[in-house]
Amino acid sequence: MKRLRLGVNIDHVATIRNARGGSHPDPVRAAGLAARAGADGITAHLREDRRHISDDDITRLSRDIPLPLNLEMAATPEMLDIALRHRPAAACIVPEKRKEITTEGGLDVVSDMDRLGNFVADLGAAGCRVSLFIDPEFDQLHAACKIGAPVVELHTGSYCGAVSESDREAELARIVESAAVAERLGLECHAGHGLTFETVAPVAAITSLTELNIGHFLVGEAIFGGLESSIRRMRGLMDKARSHGLGIRTA
Ligand code: PXP
């Protein structure tokens with residue numbers, strides 16, 4: 001069975017730091033703790049408005065941490081330039097709207113194939129493992145495959161935000177089926193957004209997935225029990241779901 005990697009997103013450590021404009025808490029220190037607690041990678045989103053992660057954070061995360069960096073970035077010339085300068089191990093292209101509180105939906109790859117294809121090619125040529133953040137929809141998966149993306153990350157926000165049990169089941173089914181289609185297309189498949197201790201297990205049990213990226217909940221939970229402890233518990237829940245299979249899911 002494929003091992004499930006955990007990418008810890010440390011954006012909101014920077015959010016807390018920026019609330020006071022100083023240097024504490026430092027996301028680079030958080031990345032070191034995440035490594036000790038069982039994370040396989042660190043994810044950071046450099047936004048156009050620099051509301052959390054800064055350019056200097058990216059420089060230090062590229063240089064000073066013991067784990068591969070996954071740079072989340074909008075498909076803009078500015079971000080491409082920065083990515084090509086730092087050459088992170090991975091780059092995840094996300095849609096970005098100036099006023100959104102968080103990444104609201106997946107990329108529309110279907111309507112933007114030529115432009116996104118150029119970003120995939122340029123980042124791939126620089127040695128980055130490129131992923132496209134998409135909603136769990138078949139046409140988006142096929143478009144991602146057509147433009148040569150090696151990896152897709154499925155947006156789990158609708159699943160995590162579903163209020164009724166039946167909606168949550170329906171959203172989970174979309175993720176399960178999309179992960180199976182991604183695997184058939186030869187795409188490496190990741191997932192993330194909004195995952196918590198309560199919602200992670202059914203997603204972690206999807207055997208076609210190879211990586212989950214989780215941030216806001218882990219940083220929030222760190223207030224109560226510490227960052228290492230929140231990451232260790234998440235890692236444990238992921239491993240348990242994988243090993244118990246939770247009714248191993250394939251479409
Ligand atoms: N994956 C992607 C592509 C994201 O944009 C985010 C949020 O920055 C996450 C995963 C992590 O989401 P959360 O912070 O809700 O765990």
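Since we're looking at a predicted model, the values are computed, not measured. Note that ligands are numbered from 1 as they come in the structure, with each ligand's atoms numbered from 1 the same way.
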Given 3.5 Å as the limit, does a donor-acceptor pair link the side chain of Ser178 with the main chain of Ile175, or not? no

Does any N or O atom in Glu153 lie less than 3.5 angstrom from one in ligand 1, N or O only? yes

If you measure from the Lys or Arg side-chain nitrogens to the Asp or Glu carboxylate oxygens, is any gap between Arg50 and Asp56 under 4.0 Å? no

Salt bridge check, Asp239 against Arg232: does any charged N sit closer than 4.0 Å to a carboxylate O? no

Given that the side chain starts at C-beta and the backbone is N, CA, C, O, which of these parts of Asn213 lies under 4.0 Å from ligand 1, counting heavy atoms, or is it both or neither? both

Result for side-chain contact (heavy atoms from CB on, under 4.5 Å) between Asn213 and one of Arg5, Glu153, His193, Glu72 points to Glu153

Minimum-distance protein heavy atom relative to atom 14 (O) of ligand 1: His216 N, 2.8 Å

Classify the ring geometry between Phe197 and Phe217 as parallel (under 30°), tilted (30 to 60°) or perpendicular (over 60°). perpendicular

With the threshold set at under 4.0 angstrom, would you say Phe133 reaches ligand 1 through any of its heavy atoms? yes

Measure the distance from atom 8 (O) of ligand 1 to every protein heavy atom, then report the residue, atom name and distance (to 0.1 Å) of the closest one. Asn9 ND2, 3.3 Å

Taking 4.0 angstrom as the limit and counting only heavy atoms of Val94, give me the atoms of ligand 1 inside it, by number and element. 3 (C)

Give me the residue, atom name and distance of the protein heavy atom closest to atom 7 (C) of ligand 1. His193 CD2, 3.7 Å

Nearest protein heavy atom with distance in Å, relative to atom 16 (O) of ligand 1: Gly215 N, 2.7 Å

What I want to find out is whether Glu171 reaches Arg174 closely enough, with some N-O distance under 4.0 Å, to be called a salt bridge. yes

Within the side chain of Asp135, is there an N or O that forms a donor-acceptor pair under 3.5 Å with the backbone of Gly106? yes

In the protein, what heavy atom is nearest to atom 15 (O) of ligand 1, and what distance, to one decimal place, separates them? Gly194 N, 2.8 Å

Considering the heavy atoms of Ile214, write down every atom of ligand 1 situated less than 4.0 Å from one of them. 16 (O)

Within the side chain of Asp167, is there an N or O that forms a donor-acceptor pair under 3.5 Å with the backbone of Ala162? no

So for Glu72 against ligand 1, with non-hydrogen atoms under 4.0 Å, the contacting part is side chain

